[in-house]
Amino acid sequence: QVQLVESGGGLVQAGGSLRLSCVVSGRAGGTYTVGWFRQAPGKERVFVADISWSGGRTSYADSVKGRFTISRGNAKNTVYLQMNNLKPEDTGVYYCGLADGAYDSWGQGTQVTVSS
């Protein structure tokens with residue numbers, strides 16, 4: 001069973017920083033993609049960033065470019081999302097997902113709240 005567990009969310013003021021972690025278990029290596037998505041209150045889940053598990057290629061939503069950085073940890077089973085210069089519109093539940101084709105595995109999410 002593939003498992004993804006997010007952590008690192010919290011409450012911060014605008015301009016602050018958080019680092020989210022996603023620990024992936026039940027699958028080692030491969031060609032799949034790990035991504036971060038978020039869902040603001042009353043809105044749909046949207047793409048934030050992703051990384052190729054084996055190749056390290058990254059992609060970002062325009063709204064977070066220059067502020068967020070996705071990376072793979074040295075432990076090779078953890079993906080991080082470093083979030084800097086946070087804005088109130090970044091508020092939402094952040095989910096880690098795994099895609100082998102489509103995204104079909106998800107964590108439970110971690111709440112990020114940015115106050116103005």
Side-chain angles (χ1 to χ4, degrees):
Q1 293 285 346
V2 176
Q3 295 181 344
L4 302 97
V5 180
E6 305 95 336
S7 63
L11 173 64
V12 298
Q13 293 184 354
S17 298
L18 286 172
R19 188 181 74 166
L20 307 183
S21 299
C22 173
V23 178
V24 180
S25 62
R27 184 177 301 187
T31 60
Y32 55 89
T33 298
V34 175
W36 285 98
F37 294 71
R38 69 188 181 194
Q39 187 167 19
K43 297 186 178 180
E44 73 278 7
R45 185 179 300 185
V46 298
F47 169 80
V48 175
D50 65 20
I51 185 168
S52 172
W53 190 252
S54 58
R57 296 180 298 276
T58 60
S59 183
Y60 298 91
D62 288 342
S63 60
V64 306
K65 286 181 179 178
R67 300 189 297 120
F68 290 11
T69 303
I70 189 170
S71 62
R72 181 181 173 184
N74 291 332
K76 296 183 172 63
N77 69 336
T78 304
V79 171
Y80 299 99
L81 185 68
Q82 178 67 46
M83 307 186 295
N84 297 326
N85 192 23
L86 284 161
K87 304 176 180 180
E89 51 263 44
D90 295 318
T91 292
V93 179
Y94 283 68
Y95 297 91
C96 180
L98 184 146
D100 187 1
Y103 281 93
D104 55 8
S105 299
W106 298 92
Q108 294 298 308
T110 184
Q111 176 70 45
V112 172
T113 303
V114 184
S115 62
S116 60

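Note that these values count all heavy atoms, side chains included, but never hydrogens, waters or copies made by symmetry.
- When ring centroids are compared, Trp106 and Phe37 come within the 6.0 Å threshold.
- Of the possible donor and acceptor atoms, none in the side chain of Tyr103 sits under 3.5 Å from a partner among the backbone N and O of Thr33.
- Phe47 CZ to Tyr60 OH: the interatomic distance, rounded to the nearest 0.5 Å, is 9.0 Å.
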| query | Could you walk me through whether Cys96 and Val34 pass the side-chain contact (heavy atoms from CB on, under 4.5 Å) check? | reply | CA-CA 7 Å; Cys96 180; Val34 175; 3.6 Å; yes
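- Taking hydrophobic clusters as Ile, Leu, Val, Met, Phe, Trp and Tyr residues chained together by side-chain heavy-atom distances below 4.5 Å, Leu18 shares a cluster with Val79.
- Formation of a donor-acceptor pair under 3.5 Å by the Arg67 side chain with backbone atoms of Asn85 is found in this model.
- Hydrophobic clustering of Ile, Leu, Val, Met, Phe, Trp and Tyr side chains at less than 4.5 Å, counting indirect connections, unites Val2 with Trp36.
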| request: Could you check Val114 against Met83 for side-chain contact (heavy atoms from CB on, under 4.5 Å), going step by step and ending with a plain yes or no? | output: CA-CA 11 Å; Val114 184; Met83 307 186 295; over 6 Å; no
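- Taking the ring axis of Tyr80 as reference, the NZ or CZ atom of Arg19 stays within 45° of it and closer than 6.0 Å to the ring centre.
- Separation of atoms CG (Leu4) and OG (Ser21) is listed at 12.5 Å; rounding is to 0.5 Å.
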| task | Report the C-alpha distance between Trp53 and Leu98 in whole Å, list the side-chain angles of each, state the deciding distance to 0.1 Å, and finish with yes or no for side-chain contact (heavy atoms from CB on, under 4.5 Å). | result | CA-CA 10 Å; Trp53 190 252; Leu98 184 146; over 6 Å; no
| task | Output, in order, the C-alpha distance, side-chain angles, deciding distance and verdict of salt bridge (Lys or Arg N to Asp or Glu O under 4.0 Å) for Lys87 and Asp90. | result | CA-CA 5 Å; Lys87 304 176 180 180; Asp90 295 318; over 6 Å; no
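- Distance CD/Gln39 to CD/Glu44: 8.0 Å, rounded to 0.5 Å.
- Between the Glu6 side chain and the Thr110 main chain, no donor and acceptor come within less than 3.5 Å of each other.
- In this structure, Thr91 OG1 and Gln111 CD are separated by 7.5 Å, a value rounded to the nearest 0.5 Å.
- The two residues Leu81 and Ala49 come nearest to each other via the heavy atoms CD1-CB, 4.2 Å.
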| query | Hey, mind stepping through Leu86 and Phe68 against side-chain contact (heavy atoms from CB on, under 4.5 Å) and telling me if it holds? | reply | CA-CA 9 Å; Leu86 284 161; Phe68 290 11; 3.8 Å; yes
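- Side-chain contact check for Val46 versus Arg38: some heavy-atom pair is nearer than 4.5 Å.
- Here Ser7 contributes atom OG and Tyr94 contributes atom OH; the two are 15.0 Å apart, rounded to the nearest 0.5 Å.
- By the rule that hydrophobic residues join a cluster once side-chain heavy atoms approach within less than 4.5 Å of another member, Val24 and Tyr95 end up as members of separate clusters.
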